[in-house]
Amino acid sequence: MAPPSGARERYVAAFMLGLALFFPPLLVVFDADGFVLGIPLLFVYLYGAWLALIILVVLIVARSSHEEPGDHRPYDPGREP
């Protein structure tokens with residue numbers, strides 16, 4: 001079953017964002033001597049970007065599951081809600 005209209009584009013956009021976030025020239029920016037709570041800045045960036053992408057994909061999946069056509073059932077008075 002194909003994703004609903006627009007979901008495929010959101011998946012592609014999330015993939016492209018992931019490529020951009022983990023592109024080596026951007027990683028060099030965060031490869032500094034800084035620390036956040038004792039953790040090197042590069043590790044904080046990598047895990048933060050990874051978490052952000054996971055949350056983004058979860059939001060896309062949740063939104064696309066609510067948009068599926070044919071998911072609405074007609075009202076049946078004999079059926080319990």
Side-chain angles (χ1 to χ4, degrees):
M1 177 161 103
S5 168
R8 181 175 302 216
E9 289 81 9
R10 289 190 289 266
Y11 289 129
V12 170
F15 174 75
M16 297 300 284
L17 177 64
L19 284 179
L21 288 174
F22 297 110
F23 196 60
L26 185 60
L27 293 177
V28 170
V29 172
F30 293 98
D31 192 19
D33 291 333
F35 290 90
V36 176
L37 299 173
I39 303 169
L41 187 60
L42 180 61
F43 292 161
V44 172
Y45 171 75
L46 286 173
Y47 285 109
W50 185 22
L51 178 64
L53 282 174
I54 291 171
I55 291 171
L56 179 64
V57 169
V58 166
L59 290 174
I60 292 171
V61 169
R63 182 174 176 183
S64 65
S65 68
H66 293 296
E67 294 177 355
E68 290 187 25
D71 192 29
H72 305 289
R73 295 181 185 159
Y75 176 71
D76 182 9
R79 195 181 111 212
E80 301 238 351

Sub-3.5 Å donor-acceptor pair from the side chain of Tyr45 to the main-chain atoms of Asp31, do we have one? no

Test item: Phe15 and Leu53 side chains (from C-beta on) under 4.5 Å apart, heavy atoms: no

One should read off an interatomic distance between Trp50 CH2 and Leu46 CG, to the nearest 0.5 angstrom, of 10.0 Å

In terms of hydrophobic clusters joined by side-chain contacts under 4.5 Å, are Val61 and Leu59 together? no

I'd like to know if Val44 and Val29 are part of one continuous hydrophobic network [Ile/Leu/Val/Met/Phe/Trp/Tyr, side-chain heavy atoms within less than 4.5 Å]. yes

For the CZ atom on Phe22, are there more than 12 heavy atoms of other groups (residues, nucleotides or ligands in this structure) within a distance under 6.0 Å? yes

What is the minimum heavy-atom distance between Ala7 and Ile60, and which atoms define it? O-CG2, 4.5 Å

Would you say the side chain of Leu51 lies within less than 4.5 Å of the side chain of Tyr47, judging by non-hydrogen atoms? no

Between Val12 and Leu19, is there a shared hydrophobic cluster once you connect ILVMFWY residues whose side-chain heavy atoms come closer than 4.5 Å? yes

Taking transitive links into account, so neighbours of neighbours count too, which hydrophobic residues share a cluster with Phe23 at under 4.5 Å side-chain distance? none

Looking only at non-hydrogen atoms, find the nearest pair between Pro40 and Phe35 and report the distance. N-CD2, 3.7 Å

For Leu26 versus Ala20, what's the shortest heavy-atom pair and its separation? CD2-O, 3.5 Å

